[in-house]
Amino acid sequence: MFRIGQGYDVHELREGRELILCGMKIPHDKGLYGHSDADVALHAVADAVLGALALGDIGHWFPDTDAQYKNADSMLLLKHILASSSLCDWELNNLDLTIMAEKPRLAGHIMQMRRNLADAFNCNIEQVSVKATTTEKLGFCGREEGIAANAVLLLRRIK
């Protein structure tokens, strides 16, 4: 049996914050604003996992009204989801993640992002695709007001 999940997230760019994407610090003059570290890419991936199994969304699992998640490391949040008993019979077949940002350019970071995700899912790097695109200066991403991410994945039952 297979289950498909899709996740989407957006965060605002602000000065005075670090830019964290796929669990890694990216050099930039602005970072993403949110209750946690605002890793928009991992939030989209987490929602895709949760959506595939109808387990709610990241806000349900880690509400921004809960102080314990203030500045939380989103990689740890994703790993918590992946370690839950609800996922013990499932493994990643493949993941396709797209990050939409005018700046910074992300091409030089893609391989490490893929490695970080493959490590989190305990899978082969060939099962993980990460792509970056601009929005051709259109919309909030194009105006460099924020970054968006979209993730699609396929889980397969192993038991």
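Positions are given from 1 along the sequence.
Proximity of a side-chain donor or acceptor of Asn93 to a complementary backbone N or O of Arg156 within less than 3.5 Å is not detected. Checking side-chain atoms of Asp89 against main-chain N and O of Lys159 turns up no donor-acceptor pair under 3.5 Å. Thr135 places a side-chain N or O within 3.5 Å of a backbone atom of Gly142 that can act as its donor or acceptor partner. Between the side chain of Gln127 and the main chain of Leu92, a donor-acceptor pair closer than 3.5 Å is present. Side-chain atoms of Trp61 come within 3.5 Å of backbone atoms of Leu55 as a donor-acceptor pair (strictly under, hydrogens ignored). Side chain of Glu12 to main chain of Gly146: no donor-acceptor pair is present (N/O by atom type, distance under 3.5 Å, no hydrogens or angles). Remark: side-chain polar atoms of Arg3 are not paired, donor with acceptor, to backbone N or O of Leu53 under 3.5 angstrom.
At a cut-off of 3.5 Å, with distance as the only test, no side-chain donor of Asp64 or His35 sits close to an acceptor on the other residue. Side-chain atoms of Ser129 and Asp96 form a donor-acceptor pair, as typed in the model, at a separation below 3.5 Å.
Going from atom OG1 of Thr134 over to atom CE of Met100 covers 11.0 Å, rounded to the nearest 0.5 Å. Taking NE2 from His28 and CD from Glu144, the interatomic distance works out to 6.0 Å, rounded to the nearest 0.5 Å.
No more than 12 heavy atoms of other residues, nucleotides or ligands lie within 6.0 Å of NZ in Lys103, so this atom counts as exposed by the packing criterion.
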